[in-house]
Each structure stands twice: as structure tokens, then as C-alpha cells.
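First comes the structure, then the notes that go with it.
Chain A is the first sequence line, chain B the second, and so forth, proteins listed ahead of strands; every chain is numbered from 1.
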Protein chains: 4
Amino acid sequence: MPSASQIQPRKTPRQGRSRASYEAILTAAAQILERQGAAGLSTNTVAERAGVSIGTLYQYFPGKEAITAELVRRIKAQLLADLSQALEEARGLSMREAAEIMLAASIRHHARAPELSRELERIEELLPLDPETEAVAANIHAALGALLAGYGVAEPAVAARDLTALSKGMVHAALFAGETDLARIEARLLPAVLGYLGLDPGERCARRG
Amino acid sequence: MPSASQIQPRKTPRQGRSRASYEAILTAAAQILERQGAAGLSTNTVAERAGVSIGTLYQYFPGKEAITAELVRRIKAQLLADLSQALEEARGLSMREAAEIMLAASIRHHARAPELSRELERIEELLPLDPETEAVAANIHAALGALLAGYGVAEPAVAARDLTALSKGMVHAALFAGETDLARIEARLLPAVLGYLGLDPGERCARRG
Amino acid sequence: MPSASQIQPRKTPRQGRSRASYEAILTAAAQILERQGAAGLSTNTVAERAGVSIGTLYQYFPGKEAITAELVRRIKAQLLADLSQALEEARGLSMREAAEIMLAASIRHHARAPELSRELERIEELLPLDPETEAVAANIHAALGALLAGYGVAEPAVAARDLTALSKGMVHAALFAGETDLARIEARLLPAVLGYLGLDPGERCARRG
Amino acid sequence: MPSASQIQPRKTPRQGRSRASYEAILTAAAQILERQGAAGLSTNTVAERAGVSIGTLYQYFPGKEAITAELVRRIKAQLLADLSQALEEARGLSMREAAEIMLAASIRHHARAPELSRELERIEELLPLDPETEAVAANIHAALGALLAGYGVAEPAVAARDLTALSKGMVHAALFAGETDLARIEARLLPAVLGYLGLDPGERCARRG
DNA sequence: AATGAATGAGGCTTCATTCAT
DNA sequence: GATGAATGAAGCCTCATTCAT
């Protein structure tokens with residue numbers, strides 16, 4: 001298991017060619033994860049696809065883990081941004097409406113690059129997240145927890161985790177099975193979320209024949 | 001990606017020393033998956049932990065994949081048995097009661113060796129399952145689908161997949177977070193399942209403060 | 001390089017089941033050499049094709065080399081027998097007629113199982129021949145040398161070696177190229193042999209357009 | 001049996017350290033073949049003798065086969081060059097004189113590193129030659145065939161193969177037996193070649209006592 | 001900074017051979 | 001005698017990482 005220092009980028013260049021190489025490496029890694037999965041990801045393949053030498057790759061990252069860790073960091077930040085925006089929209093709405101909005105945002109997030117996000121989640125479990133990423137993850141959870149708490153949900157932290165996990169599970173499975181209609185996935189998932197929250201799934205009930 | 005012949009055991013000995021080695025190899029592999037994850041699994045580590053030579057390992061399995069494939073086969077068979085029994089018990093009961101029984105069986109299954117079952121699920125996605133295992137998996141799905149169809153659920157196959165996936169997602173997350181009280185997990189999951197199925201989560205609603 | 005003791009059979013059983021196993025092993029080895037070449041020859045494949053256990057194989061032979069050594073021994077003995085018979089027939093004939101007879105015998109020998117004899121020749125070069133086999137080989141050479149000496153050929157031992165080698169080379173190449181008409185091969189080879197011996201290739205000259 | 005891509009070098013470096021490693025690997029392989037034969041040739045032994053790491057070897061060659069294939073390529077190119085030069089010299093001479101010149105060139109070629117060329121010929125039979133090497137081999141054959149056709153030899157392609165094979169056979173055997181005087185070998189071989197071609201071996205006849 | 005040649009630990013697999021039953 | 005399970009040395013190859021230029 002890689003130590004904390006091995007997942008920090010060596011330097012995060014701010015400009016010029018350096019910056020371009022840095023980004024090229026991350027882009028290459030993301031593409032490989034999306035297209036070939038973790039098995040295809042090696043420092044050599046990343047460098048090659050990025051169009052930089054292996055030496056350059058090591059200038060910016062202390063190792064392979066650091067590259068994936070940065071991808072995790074970014075996708076988490078992206079998720080936080082997406083959900084924050086959804087939270088804005090959800091402010092003041094009913095719990096049911098809020099759930100719908102949050103769910104839609106979450107599904108869109110997973111659907112953007114399903115294989116990539118799947119691989120990154122797998123990787124996340126193996127990696128010791130660095131404090132910054134942990135903080136972002138905690139933020140996401142906290143925001144969601146706060147929302148839930150606002151609606152009087154008991155144990156909002158647990159509920160946040162449960163809802164996140166069950167959504168991920170179902171959405172990934174649906175995408176993996178080849179579904180592409182996000183609205184349909186959401187329509188099936190929403191009643192489960194509402195049920196979890198103790199709300200009558202109501203008129204959207206599509207599961208009874 | 002391993003071909004079909006790469007995941008069949010080379011010989012499946014029925015008795016004596018031979019049988020003991022075969023089982024020792026599988027046990028060792030399961031332990032490694034449980035404790036160190038797939039990353040720690042190599043033909044060498046398995047043979048060493050099993051207390052057999054690497055040559056012996058290859059007498060029985062054409063490679064690492066075949067070992068994990070056999071573990072998948074077994075855990076799937078076990079799941080089928082567990083769920084079949086639960087189905088027996090659920091026969092004739094109300095949908096809510098049936099859901100409770102099935103859920104309990106499923107959670108017990110995952111909780112038996114959570115890391116192992118998690119790793120095997122991950123591996124399953126990468127492995128071309130052999131026909132026999134596919135058949136078992138299809139049986140499980142079919143049984144669940146039939147149960148759901150019996151209660152008038154629309155698209156029972158999709159519902160079976162959705163419920164399986166969301167349950168797995170939530171249960172794994174809860175176990176991963178260190179929870180050990182399976183009843184509590186079940187109590188939180190059940191309303192989501194009932195909600196998915198269009199039932200009023202009803203009086204068990206523990207999520208509202 | 002295997003030592004002398006490793007190429008002697010452990011025991012050469014004279015009767016019964018033992019004898020049958022012993023022969024089955026040799027036959028299996030010969031078939032594998034003929035069909036798959038030396039690369040396909042392993043103690044396990046030989047035992048399997050012979051229908052005996054690997055343990056039994058080692059009862060009769062101290063190792064793989066001993067099996068091939070015995071095949072070499074036998075094919076050499078066969079060659080000696082064939083050539084001796086040809087020598088009988090050649091006795092008293094002209095050098096040209098004698099050459100023709102010897103050549104025909106030699107080509108028939110190689111053609112009987114061309115791949116096998118080819119493989120055994122290759123193996124021969126790697127193996128320290130045991131004294132008995134060496135003696136057989138020496139006999140062949142001596143017989144041929146004596147024949148040549150009888151016709152007044154200078155350095156008959158060298159000539160025997162030269163003629164053997166050039167014949168083998170050409171015959172193997174022709175067979176390898178797919179030729180099956182032994183008479184045609186012989187018709188082309190004979191003038192070379194006669195030329196080597198200082199005889200006018202004469203009326204059989206088929207090589208000038 | 002190795003596929004076509006398995007016998008192409010991975011990269012053919014043109015200068016510097018890289019080039020030195022590449023050549024060192026080939027030299028080491030040639031030495032091992034010369035001294036210990038194909039049985040002694042392994043990626044490990046080659047790397048060790050070359051003084052490079054196993055990793056470096058695999059930078060340049062995808063496997064053992066690719067190394068030997070390159071050696072075959074080179075020796076064939078060398079042979080083509082040698083024979084082409086001999087053909088120049090033979091232009092316009094009598095068939096007998098031409099044969100002498102070609103034979104001398106061929107013997108010199110084999111004598112340069114007899115064991116190596118022997119091993120490479122053996123290897124050639126097992127390897128699927130790459131198109132480039134095939135082309136070189138075809139060139140050699142074609143040049144020889146053309147020469148023979150020019151003298152009115154029937155079936156020049158067959159004659160080229162026969163003469164090549166019988167020469168190789170005799171020369172290798174003579175070298176293997178320890179002969180070092182190439183002129184003597186040539187003196188014995190020439191009459192056989194002339195005989196094959198239907199020429200009176202003539203006054204050079206040294207084989208009659 | 002960038003390059004890419006070099007490294008070698010470590011994973012995979014075969015196969016000749018032994019030995020307890 | 002016969003069996004076949006077990007062994008492990010030895011070969012194959014990849015890939016993360018270093019370092020001289």
C-alpha cells in the first residue's frame with residue numbers, strides 16, 4: 001500500500017509546456033482507464049499516449065498511484081461542484097423534489113464517463129486517500145448530510161452513505177447492462193430513495209403491474 | 001482476457017491427498033482475497049499459503065484465473081442455495097414479508113466474508129464466466145424474477161437486477177464502514193426495497209426524526 | 001550433457017506386461033517425434049500416449065535421454081541390417097551398380113519415417129552415444145568403407161563419411177520439400193555419388209538440358 | 001510456433017548505448033549457439049553473457065525467437081553477399097570453373113563459424129521466417145538457379161536445392177569431424193557436384209587409388 | 001527540463017524427476 | 001511392480017522506477 005507521499009504530485013506546474021505535459025498525462029491515464037480499464041494502465045502506456053517520455057512522467061508524479069490519485073481528486077471535486085449546484089437548486093423545495101434533483105445530478109455524474117468513474121471508485125478503495133481528497137469527500141458527505149438533516153432525517157451521515165452507495169450500485173449495474181436512458185434509471189431509483197427516506201413512493205409508482 | 005479453457009480446473013480430484021491439495025489451494029486463495037485483496041493474489045502466494053508447491057498448483061489449475069473462477073462458482077452456488085431456501089420460506093407470504101426474508105438471506109450471504117465476496121464480484125466483471133456458472137447466476141436471477149413477477153412487479157428481470165445491485169451497494173458500504181449489526185443494515189435497506197417496489201414503507205419508517 | 005549411465009535403459013524386460021509397457025513407451029516416443037518433433041517430446045506426453053504412468057516410465061528408463069537413445073540404437077541397428085543386406089546384393093557387382101544398390105537402400109531407410117529419422121539424427125549429435133550404439137555406427141561405416149576400399153577408393157573411411165553425409169543432406173532436403181518419388185531423388189543423387197567416386201556419371205546424365 | 005510478430009525486433013536502435021546493447025545481445029546469442037548449441041540459449045543466458053539486464057533484452061527483442069531470427073537474417077544476408085560476389089567472378093567462365101568458385105565461397109561461408117551456422121540452419125526449420133529473410137533466401141536460390149540455367153541445367157531450382165543441401169551435408173560433417181583444410185574438403189566435394197551436373201569429374205579425380 | 005536506456009524484482013508456467021502408497 | 005501426486009529448478013516475460021546524458 002503506497003504511503004501518503006507517493007500519491008502527491010511532485011509539482012503542479014502552473015503554466016506553459018510543463019502544464020501541458022502534466023495535463024496530457026492525466027488525460028492519457030483517464031482515457032486508458034475508460035477504454036481498457038485498470039489492467040491497461042501502466043506508466044509506460046500512459047507516457048506513450050500522453051506523448052511524453054517516461055522520464056517526464058516521473059518529473060511530475062512520483063509513481064503510478066499519484067496519477068490515479070489526482071484523477072480521483074479531480075472527479076471528487078467535480079462531483080462536489082455538481083452536487084453543490086444541485087443543492088442550490090434544491091434549496092427550499094420539498095424533500096421529494098430535492099431528492100429528485102440530487103439524484104439526477106448524481107446519475108449525470110456517473111454517466112459522464114461510466115467506466116472511468118467505475119475504475120476510479122475501485123482504485124479509491126485501494127488507495128490511502130490524501131487529506132485534501134478526504135476533505136473533498138467529507139464535504140460531499142457533509143453537504144448531503146446537511147440537506148438530509150434539514151428534512152429531519154435521523155442519522156443523516158449514515159443516510160448519506162447509504163443513499164450514495166445504493167445509488168451507485170444500481171446506476172453502475174444499469175449502465176454496465178447497457179442502459180443509456182438516464183431518465184428511466186432515475187425513475188426506477190427515485191422510489192427506492194424515497195422509500196429509504198420514509199416517504200410514500202407515491203404516484204410515480206411504476207413497479208406494480 | 002482469459003479464454004474459456006483457462007478458467008476450467010485441470011482436474012477435480014475426488015479423494016485423498018489430491019483432494020486436500022485442491023481444497024487447500026482454494027482456501028488459501030479465498031483467504032488472500034479476503035485479507036489482501038486481488039492485488040495480493042499470485043500463483044506464488046497462493047501456493048505458499050496453501051502449503052503446496054507451485055507445481056502442484058498447476059496440476060489442478062491452469063492459472064490464477066481458474067482458481068478465482070472456481071471460487072466464484074462456489075460462492076454463486078452457495079448464494080443460490082441460500083436464496084432458494086429463503087424463497088421456500090417466503091412462499092405464500094405477503095410481498096413485504098417476502099422482501100424481508102430475501103433481504104435477510106442476502107445480507108447474511110454478503111456478511112459471511114464481506115471482503116471476499118466483494119473481491120469476487122469485482123473479479124466476476126473481468127472474467128468470462130464459464131457456462132455452468134453463468135447458468136447458476138441465471139438461476140438466481142430467474143428465481144428472484146419469478147418471485148417478483150408473482151407479486152405483479154413490472155419488468156421483473158430489471159427489478160431483480162436493480163434490487164440486487166442496490167442492496168449489494170449499500171450492504172458492502174455499510175460493512176466496509178465497520179458496521180456489524182446486520183439487523184440494523186437490513187432495517188435501513190428494507191424501506192428502500194419496499195419503496196422501489198411501490199409499497200408504502202409504512203410503520204417501519206425509522207428515517208424520519 | 002547427460003552422462004553415459006543416463007542413457008542406458010534401467011532394465012530391458014524380456015517378457016509379458018513389462019515388455020509391453022517398455023515397447024509402448026518407445027513406440028509412443030517415436031510417434032511423437034515423427035508427428036510433433038522433439039519439442040513435443042516430454043516424459044509426460046510419452047507416458048500418456050503409451051498408456052502407462054509416469055512412474056512406470058521411470059521404472060524402465062532413467063530419463064528422457066535414455067528413451068531417445070534407445071530409439072537411436074534401434075534405428076542404427078536397422079540401418080546396419082538394411083545396408084548389410086544391400087552389401088550382400090552388391091557383392092561382385094560393378095562399382096556403379098553397387099553404388100546404385102547402396103543408395104537405394106539408404107534412401108528407403110530415410111524415407112520410411114523421414115521426420116523421425118531426421119529428429120533422431122539431430123538428437124544423436126547432442127547425445128553422448130553409448131558404446132554399443134557407437135559400435136553399431138562404426139560397423140556401418142566400416143562396412144561401407146570396406147566396400148569402397150574394395151573398389152580401390154582412396155581414403156575409404158573419409159569417403160564413407162562424405163557419401164553418407166551428402167546423401168543424407170540431399171535426401172532430407174528433398175523429402176522436406178515434399179518430394180515423394182524416391183526413384184527421382186535417387187536418380188539425381190546417383191550421378192553426384194558416381195562423380196564423387198571419380199566415375200563418369202555416364203548415360204544417366206539427366207541434368208543437362 | 002512463434003507468430004510473425006514474435007520474430008521482429010522491437011526496436012532497431014541506430015546509435016549509442018542502445019546500439020551497443022543490441023549488438024551485445026546478438027553477439028552473446030551467437031557465441032552461445034556456437035559453443036553450447038540451441039539448448040544453452042535462454043533469455044537469461046543471453047542477457048548475462050551480453051552484460052545487460054533481462055529487461056534490456058526485452059526492450060529490443062520480444063523473445064528468444066526474435067534474436068535467433070535476426071541472426072538468421074544476418075547470416076543469410078552475408079551468404080547472399082558472398083555468393084553474389086562469387087557469381088560476379090564466375091561470370092563467363094566454364095561450368096566447371098564456375099562450380100569451383102561457388103563451392104569455394106560456400107565452404108568459406110560455412111567454415112567461418114561452423115557450429116553457429118549449423119545451429120541456425122536447424123533453427124530455421126522451426127521458425128517461420130519473416131518475409132524479408134524469405135526474400136533474401138529466395139534471392140540466393142534464384143541467383144544460383146539462374147547460374148545453373150545459364151549452363152543449360154534442367155530443373156535449375158531443384159538442382160540449386162540439391163546442390164546446396166548435399167554440399168551443406170558434406171561440409172558440416174567434415175568440419176564436425178575436425179577437418180580444417182577447406183581446400184581438401186572442396187577437392188572432394190567438387191567431383192560430386194560436377195557429377196551431379198553431368199560433367200566428367202575429369203582429371204581432378206582423387207578418389208581412385 | 002526532458003529523454004529514454006537500463007534495471008531487476010516479481011509474476012507466470014513447464015517439465016523432468018522423486019517417492020509414498 | 002505400478003501409480004500419480006508432489007516437487008522445484010529453470011525458463012519466460014512485464015512493468016514500475018532510476019539515472020546518465
Side-chain angles (χ1 to χ4, degrees), chain A residues 2 6 11 13 16-18 21 39-48 51-67, chain B residues 6 11 13 15-22 39-47 50-65, chain C residues 2 6 11 13 16-18 21 39 41-48 52-67, chain D residues 6 11 13 15-22 39-47 50-65:
Chain A
Q6 310 206 315
K11 44 188 165 182
R17 239 191 331 164
S18 290
S21 296
L41 195 79
S42 81
T43 49
N44 287 291
T45 56
V46 170
E48 190 184 2
V52 304
S53 73
I54 184 67
T56 296
L57 184 151
Y58 276 90
Q59 293 266 337
Y60 295 113
F61 298 93
K64 187 166 74 148
E65 319 294 351
I67 300 173
Chain B
Q6 308 276 299
K11 36 180 166 174
Q15 55 187 352
R17 253 184 315 172
S18 197
R19 179 63 189 238
S21 296
Y22 186 82
L41 196 80
S42 79
T43 50
N44 288 295
T45 56
V46 171
V52 303
S53 72
I54 186 65
T56 294
L57 186 151
Y58 277 94
Q59 294 260 342
Y60 297 111
F61 299 95
K64 189 167 61 158
E65 323 295 355
Chain C
Q6 309 207 315
K11 45 189 164 182
R17 237 188 334 163
S18 292
S21 296
L41 195 80
S42 81
T43 49
N44 287 290
T45 56
V46 170
E48 190 183 2
V52 303
S53 72
I54 184 67
T56 296
L57 184 152
Y58 275 90
Q59 293 268 337
Y60 295 114
F61 298 93
K64 186 165 74 146
E65 319 295 351
I67 300 173
Chain D
Q6 309 275 299
K11 37 180 166 174
Q15 56 187 352
R17 254 184 314 174
S18 197
R19 178 64 188 237
S21 296
Y22 186 81
L41 196 80
S42 79
T43 50
N44 288 293
T45 56
V46 171
V52 303
S53 72
I54 186 66
T56 294
L57 186 152
Y58 277 95
Q59 294 261 344
Y60 297 111
F61 299 94
K64 190 168 61 157
E65 322 295 355

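Using a 4.0 Å heavy-atom distance criterion, A:S42 is classed as a sugar-phosphate-only contact. Within the nucleic acid shown, B:Y60 comes within 4.0 Å of sugar-phosphate atoms alone, with no base atom in reach, counting heavy atoms only. Contact annotation for B:G55: base contact, defined as any heavy-atom pair under 4.0 Å involving a base atom.
With rounding to whole Å, B:I54 atom CD1 is found 11 Å from E:dG11 atom P. Note: CG (A:N44) to C1' (F:dT17) measures 10 Å, nearest angstrom. Atom P of nucleotide F:dG4 and atom NZ of B:K11 are separated by 9 Å, given to the nearest angstrom. As rounded to whole Å, 16 Å separates atom P of E:dT18 from atom CZ of C:F61. The nearest whole Å value for the distance from the CZ atom in D:R19 to the C1' atom in E:dA6 is 18 Å. Between B:Q59 atom CD and E:dT18 atom P there is a gap of 16 Å when expressed in whole angstrom units. Put simply, CG on C:L41 is 17 Å from P on E:dT14, counting in whole angstrom units.
Looking at every heavy atom in both residues, A:L57 comes nearest to A:T43 through CD1-O, 3.6 Å. Nearest heavy atom pair, residue B:S42 against residue B:K64, reads CA-CD, 4.1 Å. Between D:S21 and D:Y60 the shortest heavy-atom distance is CB-CE1, 4.0 Å.
Under the Watson-Crick and G-U wobble criteria, each requiring two contacts below 3.5 Å, nucleotide F:dT21 is paired to E:dA2. The partner of F:dA9 is E:dT14, judged by Watson-Crick or G-U wobble contacts that both fall below 3.5 Å.
Ranked by how close their nearest DNA chain F nucleotide is to the 5' end, A:T43 and B:Y22 are led by B:Y22. Checking D:T56 against B:L57, the closest nucleotide of DNA chain F that is more toward the 5' end is the one next to B:L57. Both B:T45 and C:T45 lie near DNA chain E, and the one whose nearest nucleotide falls closer to the 5' end is B:T45.
Between the side chains of B:S53 and B:T56, at least one donor N or O sits under 3.5 Å from an acceptor N or O.
Regarding contacts with the backbone of E:dT17, a side-chain N or O of C:Y58 is found under 4.0 angstrom from either OP1 or OP2. Of the side-chain N and O atoms in D:K64, one or more sit less than 4.0 angstrom from OP1 or OP2 of F:dC12. At least one side-chain nitrogen or oxygen of B:S53 sits closer than 4.0 Å to the OP1 or OP2 atom of F:dT7.
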Handout entry: Evaluation steps, side-chain contact (heavy atoms from CB on, under 4.5 Å), between A:L41 and A:I67
Key = CA-CA 10 Å; A:L41 195 79; A:I67 300 173; over 6 Å; no
